Amino acid sequence: MPPLAQTIVTRLSVMPYATPRSEIESWSKAEYKQLIGEHLDLLCRLKVLKLSDFNYEINPEFKETFINAIVAVTSGSTISKDALFTILPGQALSAEAEAHATASWKRVMELVLQANNTVTQRSPTLDALLKCGLLKRANGLLGPTSDSRRFLLSSTRSQVWLFCLGYVQSFSTDAGSSLVLRFMTLLFQLAPLVPGTPYIVSDASDPIRSLIAILHQAGIVYSPTLTGKKTPDGADKSFAGELIVVPTTLSAMLSSITATYDTVKAGFIVVESNFKVYAYTDDPLHIGIIQLFAELAYELDGLVVSQITPHSIRDAFHHGLSASDIIRYLEAHVHPAIFARLLEDAKEQGKAVASESAEQGDRLKWIPDTVKDQICLWEQERHRVKVLSPSVRAIRGFVSTEEFGRLRKWAESQGYLVFATGEDRVQDAVLVVTEASFGDVSGMIRKVRGR
Amino acid sequence: MDLESSIRNTQGCLIEVDPSIKEFIQHISSSSGSSRSIIRAELDERHLLIDPKQLDFIMKEVDNLHERNTFIEDPEEDV
């Protein structure tokens, strides 16, 4: 996790209330406001934070585990500081591990994309996705969850974390809380290991074996033990009974913000201001992902033309995607020819173009603003009717503004108040309280008037 | 005199809308007539108390309004 995100998480974990974004932004200088916004967005997508009415708070399950981990370290109790992984002497397995990672991760993406209330044969990868909450089975049919489409449009790093956290969170019950700690310890120790190097896992208990099997199915690790190969070539045969894992480039995504992995090595999308999307690919996976938010117009050899329409975008929103998911996906896959054009234009205008960091930042501007703004407007249309509370009581008929003010303050202090208006004119004064609190509020009105 | 007789309470679902959508909801409520009573109370220019059972109907009508007011280019003209 980047240092700024770590700071935000640590501070919010001790806040007793949900914190407004403006307060979080005040923790640093004004010029870092946008960076803080990006980190808050990242933490929400990783489900570490929850956003409710523009206030941020830590996910309760994460908070409990985080605080327990800190307490356990300081009290020297359950967190193990012992290394779970020991290097296995022998030949590195980089090629095998990466081949396994590429094939397995592609299978994961295809299964999530194609699950559309269909009957699908069972497989270990499918079972892993069901366990992680990325797919669900209902009446024998396999279908997407509310997180499935967001998973497909996320960056590979976010996808790996969503996959791992989904599995770990499935154990976040009272009985499984110690397992959550062991799993998180394993993931944090796995992250910095060298991809391609075989390691022996010291804790070969059944829950850990199950977790390693899930990670192997996704290609996050490669385990020769699970493929029936007892030891890697060149390794001492005395290690034959051990649980051996080989981290892949995907497991490196768990830690480093500089680690990169992409099924497509360069961008392939060009978006025009007339809402046409040109994708220079013939990979069915990428074509399928684009069709989650755009309508297919033409499919040629090496080129797919799609159209972003109000209907396709509203359909995407209905299935759990947001405007920022779609825009982020398009920006992350911009064709390098667009950026080359940016460089040319900048040089013609005499602007200095700096190095890679500027390159990455300017790349983000090459989705037309008209397209980005219109997608955001279509999202805002969904929020034109906002449900504040599904079951309330609106109380009118106060005798004076003092009575109204007193009852309003009391209701607010008790957490009963949903909305209040008309403080200036008693004829217009309305107090809206939750349905469950109406009995208490009636009692308080009688008490106030009885005096 | 019973002082509590002046107190009136209405049960419902509280929604927040912009003034133009509030006008639209008032229009569909009045044109539906007695068969579908949608608005239970108008609290201010942005807040309404509605019948919770009519929420899905309101969302659908607002979506239809957006569809009607969106220009879709004729695909046959697009070469």
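Values below: all heavy atoms of this structure, side chains included; hydrogens, waters and symmetry mates excluded. Residue numbers begin at 1 in each chain, while the letters A, B, ... track the order of the sequences. Computed from a predicted structure; not experimentally measured.
Only the side chain of A:Val432 comes within contact range of chain B, judged by heavy atoms closer than 4.5 Å. The contact between B:Leu55 and chain A is made entirely by side chain atoms (from C-beta outward), counting heavy-atom distances below 4.5 Å. Contact annotation for A:Glu435: only side-chain heavy atoms (C-beta onward) come within less than 4.5 Å of a heavy atom of chain B. In this structure, the portion of A:Thr421 lying under 4.5 Å from any heavy atom of chain B is its side chain and not its backbone. Of the two parts of A:Arg314, only the side chain, counted from C-beta on, holds a non-hydrogen atom closer than 4.5 Å to a non-hydrogen atom of chain B. Heavy atoms closer than 4.5 Å to chain B are found in both the backbone and the side chain of A:Val385.
For the pair A:Pro310 and B:Glu67, the minimum side-chain heavy-atom distance is 4.5 Å or more. Under the 4.5 Å side-chain criterion, counting only non-hydrogen atoms from C-beta, A:Val387 is not in contact with B:Leu14. The shortest distance between side-chain heavy atoms of A:Arg396 and B:Asn9 does not fall below 4.5 Å.
Between chain A and the residues B:Arg40, B:His66, B:Met59, the most heavy-atom pairs under 4.5 angstrom are made by B:His66. Looking only at heavy-atom pairs under 4.5 Å with chain B, the residue among A:Glu381, A:Arg382, A:His311, A:His383 that has the most is A:Glu381. Counting heavy-atom pairs closer than 4.5 Å to chain A, the top residue among B:Leu43, B:Leu49, B:Ile25 is B:Leu43.
Nearest heavy-atom pair across B:Pro52 and A:Pro390 is CG-O, 4.0 Å. The two residues A:Gly397 and B:Arg8 come nearest to each other via the heavy atoms CA-NH1, 4.2 Å.
The distance from atom CD1 of A:Ile445 to atom CD1 of B:Ile7, rounded to the nearest 0.5 Å, is 4.5 Å. The NZ atom of A:Lys386 sits 11.0 Å away from the CZ atom of B:Arg46 when rounded to the nearest 0.5 Å. Between the CZ atom in A:Arg393 and the OG1 atom in B:Thr10 there is a gap of 8.5 Å [rounded to 0.5 Å].
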**Request:** Dump the intermediate steps for side chain to side chain contact (heavy atoms under 4.5 Å, CB included) on A:Arg384 and B:Asp18, then the final yes or no.
**Result:** CA-CA 7 Å; A:Arg384 289 190 77 183; B:Asp18 54 69; 3.0 Å; yes
